Number of protein chains: 2
Amino acid sequence: MTSPRKQKTRTALLEAGSKMFWKYGIRKVTVEDICKEAGVSKMTFYRFYENKIILAEKLLTEIYESALQDYNKIMQSEIPFPEKIRQTILLKHQGTLDVSDEFLDDVYRGDEPSLMGLIEKYSEISKNTIREDFAKAQKEGWIKKELKIDFLMYMMDSIGERMFDEKLKAMFDDSHDMLMELTTFFFYGMGTSDNTLTK
Amino acid sequence: MTSPRKQKTRTALLEAGSKMFWKYGIRKVTVEDICKEAGVSKMTFYRFYENKIILAEKLLTEIYESALQDYNKIMQSEIPFPEKIRQTILLKHQGTLDVSDEFLDDVYRGDEPSLMGLIEKYSEISKNTIREDFAKAQKEGWIKKELKIDFLMYMMDSIGERMFDEKLKAMFDDSHDMLMELTTFFFYGMGTSDNTLTK
DNA sequence: ATTAAATGTTACTAATATAGTATTATATTA
DNA sequence: TAATATAATACTATATTAGTAACATTTAAT
């Protein structure tokens, strides 16, 4: 029976937190920064969360969970494997699949074991999930048998990263073209002769 | 007789400072942040600058000076006035003409009179410069006589801003197209019948 | 190779900023 | 109106940052 008011401040805090953390990382963002951004008093913050680390944990969990959901939704759909890859890279490119660099940097450089643990846990999960999906795709003939899955994962990651770097210069339509080109190239070297891409 | 070493750390500090200030504003950036980014010890920083505000002043001055130079270079060139406007907006879009929002926000919200003064001084200068250029262009028949210069300046600013907002979504080529469209539209309503744009 | 200039390292204090809490007042909603 | 949620203020303890000093190390020119 959460009152509408309470719900409002809850989402305000969550949104303010994610906005600030995303932009500045964790270290540089103070509780008061978040409160100002949310238009909320400091006491209200502490009624919801013990401190900013706890808030960061919740947000991190939420981000990773929804990212995994997005990914799984794509993978379980009935589209061809290359299209799945394309959509996955697109998700990464749109920034919905990862946390921000500032966020990650702070976690790695700082000393917050709980956050570190969360990130390790989820990257473990996603790594395994992706590995399984790739192995399955390999069995189904989408991927050359000789190729090592780990190498593929590395390549896919680097493609996502390259696209991410270009985000400032890339308009959506064109980055889509770019994605098409990259993944086409990707599959041209990777696919079996049975499976060619429909351009 | 500045040694090459000294020169190197000087530029390192300037670059680190501008990078950090640009990204995070002034408030959130500490001297140590700058030192880390520059790969330089704190003592070295203080041998060059009294504090981070002084550094910010130097950077701000440098940015504004070079922006004014860029602008004047365009305005004094022998190209048609509409093309000058186009190039000026493009400069703005590329971010070389303004300081970052984070930078500005901190100055306006914080209490650093020196920085406030610098910004006011330069925005005064640039406003006057632009007003003069526009008035001259109006005399030369590029701009309808009935139009108020201040209104034009406002419109130009809002176009620049709109483009700036879209930067994340806009690839360079297309933003150039967008610029062409916007300025064409701009001049279609603004230009005299004598001067039509060559598409 | 020697020397002077520039920078790094460490350690420290004072100033400032932030965290977190208590209290009282005000607003919202049932 | 009563109960709940939030705002505002003020406060202390803690943490961070600013800025300085003394000494060690590196760099580059002679």
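Just so it is clear: chains get the letters A, B, ... in the order the sequence lines come, proteins before strands, and each one is counted from 1. Values in this document were obtained by computation on a predicted structure and should not be read as measured data.
- A:K36 NZ to A:K42 NZ: the interatomic distance, rounded to the nearest 0.5 Å, is 10.5 Å.
- A salt bridge does not link A:E78 with A:K84: every distance from a Lys NZ or Arg NE/NH1/NH2 to an Asp or Glu carboxylate oxygen is 4.0 Å or more.
- As a whole-Å value, the separation of B:L13 CG from C:dA6 P is 14 Å.
- In A:E50, the CD atom is not crowded: 12 or fewer heavy atoms of neighbouring residues, nucleotides or ligands sit closer than 6.0 Å.
- A heavy-atom distance below 4.0 Å to DNA chain C is reached by these residues of residues 35-42 of chain A, ordered by number: A:K42.
- Atom NZ of A:K6 is separated from atom P of D:dA7 by 14 Å (rounded to the nearest Å).
- Taking a 4.0 Å limit (strictly below) on heavy-atom distances, residues 44-58 of chain A reaches DNA chain D at A:T44, A:R47, A:F48.
- Partner assigned to C:dA30 is D:dT1, using Watson-Crick or G-U wobble distances below 3.5 angstrom.
- We find the CG-CE distance between A:L55 and A:M20 to be 11.5 Å, quoted to the nearest 0.5 Å.
- Of the two residues near DNA chain D, A:K8 and B:V29, the one whose nearest nucleotide lies more 5' is A:K8.
- Nucleotide D:dA15 holds its P atom 17 Å from the CD atom of A:E32, rounded to whole Å.
- Taking CZ from B:F134 and OG1 from B:T129, the interatomic distance works out to 12.0 Å, rounded to the nearest 0.5 Å.
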Is there a ring pair (Phe, Tyr, Trp, His ring centres under 6.0 Å) between B:F103 and B:Y24? Walk through the geometry before answering. CA-CA 7 Å; B:F103 209 118; B:Y24 299 116; over 10 Å; no

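- If you measure from atom NZ of B:K28 to atom P of D:dT16, you get 14 Å, rounded to the nearest angstrom.
- One atom, CE of B:M43, and another, P of C:dA5, lie 17 Å apart when rounded to the nearest Å.
- Atom-to-atom, CE of B:M20 to C1' of D:dT17 comes out at 14 Å; the value is rounded to the nearest Å.
- Atom-to-atom, CZ of B:R27 to P of C:dT18 comes out at 7 Å; the value is rounded to the nearest Å.
- Salt-bridge check for B:K23 with B:E102: failed, with every basic side-chain N at 4.0 Å or more from each acidic carboxylate O.
- Here A:D33 pairs with B:K28 in a salt bridge; the nearest charged N to carboxylate O distance falls below 4.0 Å.
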From CA spacing to verdict: side-chain contact (heavy atoms from CB on, under 4.5 Å), B:E65, B:Y122: CA-CA 9 Å; B:E65 283 295 341; B:Y122 275 107; 2.6 Å; yes

